[in-house]
Amino acid sequence: MTKVLVTGSAGFIGSHVVEALEAGGHEVAGLDLRSGYDLRDTAVLDRLLPGADVVVHQAAKVGLGVNVADLPDYASVNVYGTAVLLAAMAEHGVGRLVLASSMVVYGEGAYDCARHGRVRPGPRSASDMSRGSFEPRCPRCGEGVVLAAIDEEAPTDPRNAYATTKLAQEHLAASWARETGGTVTALRYHNVYGPRMPRNTPYSGVAAIFRSALEAGCAPRVFEDGGQMRDFVHVRDVADANVAALTCGEPGTLTVYNIASGEPHTVGEMARILAAQRGGPNPVTTGEYRLGDVRHIVASPHRAAAELGFQARIGFAEGMKEFATAPLA
Ligand code: UD1
């Protein structure tokens with residue numbers, strides 16, 4: 001039995017992590033802003049950390065953000081909060097961290113160009129997108145490229161405030177590991193969905209937005225041409241990955257893993273399956289776009305399978321069927 005402190009324990013992913021840990025026979029303490037406990041409050045950490053073996057750090061301000069007015073809050077909750085946590089862990093001799101990271105640290109997905117091999121296209125231009133030209137092109141020759149699964153060796157390219165803070169968390173944790181001999185496992189979640197996903201807010205991911213629309217009797221609005229690929233991974237699989245990560249890693253280092261289903265689908269497909277499972281209305285593809293959205297990002301799940309023994313168990317059809325009618329938070 002391991003004594004685990006879960007931050008963000010009342011949140012969407014955190015609450016499933018708590019359930020999975022308890023089912024695995026671990027002793028769990030939780031910390032969550034919703035229950036009045038702020039990660040940035042050292043007095044709270046001084047009370048909760050002594051005796052803990054591992055911290056599973058899920059607390060974060062999530063989503064894309066609305067505008068630059070959000071920057072201080074992202075930096076404070078995600079970066080400063082993690083720094084306070086790491087310092088307190090060192091003080092209380094807690095040497096193991098499982099960190100909720102994100103695929104957004106990669107930016108755009110990986111692509112192969114026939115002439116230039118593996119390439120990483122930059123952000124797409126407004127002029128291309130407004131002409132309905134959504135596919136990235138080779139940054140060197142401008143020709144078409146073929147999507148590849150991204151692995152953990154890919155360079156990072158955070159493109160928004162949230163992504164920047166998630167990468168900063170990884171860097172802070174890596175430096176903590178080096179200096180203290182601690183062990184960090186960072187789980188780069190792909191698009192997590194499932195029961196208790198927060199309903200539609202400006203910070204929500206697409207699965208929650210579509211699900212909320214359907215609940216309100218509205219058609220999901222699919223941006224671009226609906227061909228954007230993502231890896232939708234079920235929250236109970238993500239929780240299991242966190243349990244597997246309790247005992248992995250090397251002292252003094254940070255190891256990163258993609259946490260994904262290994263079964264990519266398009267945003268259009270996701271909208272259609274959810275709508276079908278709820279009996280409509282059918283999605284509409286609007287051609288709208290958001291600057292800064294990446295076109296495709298699909299994960300290689302191989303490292304997590306080989307080293308964490310993690311393999312998603314809930315397939316797309318099964319998971320989306322449940323999600324179509326599951327309660328949102
Ligand atoms: C999302 C999360 C990101 C998280 C990552 C991995 C948000 C805003 N983004 O990134 O924080 O780290 O998953 O879990 O939470 N779309 C529509 N219609 C809509 C809204 C979006 O078609 O109403 C499209 C977008 O244009 C995009 C795709 O859906 O192509 C995914 O959007 P979204 O879930 O917001 O962002 P991700 O880039 O996947």
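Ligands are counted one by one from 1 in listed order, and the atoms in each one are counted from 1 as well. Remember, predicted model here, so these are calculated numbers, not experimental data.
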Okay, side chain of S76, backbone of P72: is any donor-acceptor separation there less than 3.5 Å?
-> no
The atoms of ligand 1 lying under 4.0 Å from a heavy atom of V267, numbered in the order shown, are 22 (O), 28 (C), 29 (O)
Are I297 and M270 connected, step by step, through hydrophobic side chains (Ile, Leu, Val, Met, Phe, Trp, Tyr) whose heavy atoms are closer than 4.5 Å?
->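 Result: no, two separate clusters.
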Any side-chain donor-acceptor pair under 3.5 Å between Q169 and H171?
->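 Note: Q169 and H171 side chains miss the donor-acceptor criterion.
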Do N242 and Y189 have side-chain atoms, one donor and one acceptor, less than 3.5 Å apart?
->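 Per modelled atom types, N242 and Y189 side chains form a pair under 3.5 Å.
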With heavy atoms of I209 as the reference, note each atom of ligand 1 found under 4.0 Å away.
-> 20 (C), 23 (O)
Can you list the ligand 1 atoms lying under 4.0 Å from a non-hydrogen atom of H190?
->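 Going through ligand 1 atom by atom, the ones under 4.0 Å from H190 are 6 (C), 14 (O).
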May I ask whether Y289 places a heavy atom under 4.0 Å from ligand 1?
->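 No heavy atom of Y289 comes that close to ligand 1.
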Kindly confirm or rule out an N or O of M103 lying under 3.5 angstrom from an N or O of ligand 1.
->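 For ligand 1, there is no N or O atom that lies under 3.5 Å from one belonging to M103.
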So is D293 close enough to ligand 1, meaning a heavy atom under 4.0 angstrom away?
->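 It does; at least one heavy atom falls under 4.0 Å.
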Which atoms from ligand 1 have a heavy atom of V222 less than 4.0 Å away?
->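 Near V222, the atoms of ligand 1 are 22 (O).
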Going by the order shown, which atoms of ligand 1 are within less than 4.0 Å of some heavy atom of Y162?
-> 11 (O), 12 (O)
Purely on distance, is any nitrogen or oxygen of F223 under 3.5 Å from one on ligand 1?
-> yes
Numbered in order shown, the ligand 1 atoms found under 4.0 Å of a heavy atom of Y189 are 6 (C)
Would you say the side chains of Y257 and E152 form a donor-acceptor pair under 3.5 Å?
->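 No, E152 and Y257 have no side-chain donor paired with an acceptor closer than 3.5 Å.
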Does ligand 1 have any atom that is closer than 4.0 Å to a heavy atom of S204?
-> yes
Looking only at heavy atoms, is any part of V104 under 4.0 Å from ligand 1, and if so is it the side chain, the backbone, or both, or is it neither?
->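 Near ligand 1, V104 shows its side chain, while the N, CA, C and O stay back.
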Would you mind listing which atoms of ligand 1 come within a distance below 4.0 Å of any non-hydrogen atom of Q228?
-> 24 (C), 26 (O), 30 (O)
Interfacing atoms of ligand 1 (cut-off 4.0 Å, heavy-atom, V192) =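 Near V192, meaning under 4.0 Å from one of its heavy atoms, ligand 1 has 14 (O).
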Ligand 1 and E224, any nitrogen or oxygen pair closer than 3.5 angstrom?
-> no
Would you kindly say whether S261 and H190 are connected by a side-chain donor-acceptor distance under 3.5 Å?
->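 No, no side-chain donor-acceptor pair sits under 3.5 Å.
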Hey, does the Lys NZ or Arg CZ of R120 hover above the aromatic six-ring of Y111, less than 6.0 Å from the centre and inside 45° of the axis?
->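 R120 over Y111 ring: no.
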Name the option, out of S102, A207, S101, that contains the heavy atom nearest to atom 12 (O) of ligand 1.
-> S102
Mind checking whether R221 contacts ligand 1 via backbone (N, CA, C, O), side chain (CB onward), both or neither, at a 4.0 Å heavy-atom cut-off?
->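 It is the backbone that touches ligand 1; the side chain stays farther off.
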Determine whether K166 and R188 make a side-chain contact, defined as any pair of heavy atoms from C-beta on separated by less than 4.5 Å.
->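 Not in contact.
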Is it the case that Y289 and D128 place a side-chain donor and acceptor less than 3.5 Å from each other?
-> no
Side chains of R211 and Y193: do they bring a donor and an acceptor to under 3.5 Å?
->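 R211 vs Y193: no donor-acceptor pair found between side chains.
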Cluster link L99 to V192, ILVMFWY, side chain under 4.5 Å |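 Different clusters.
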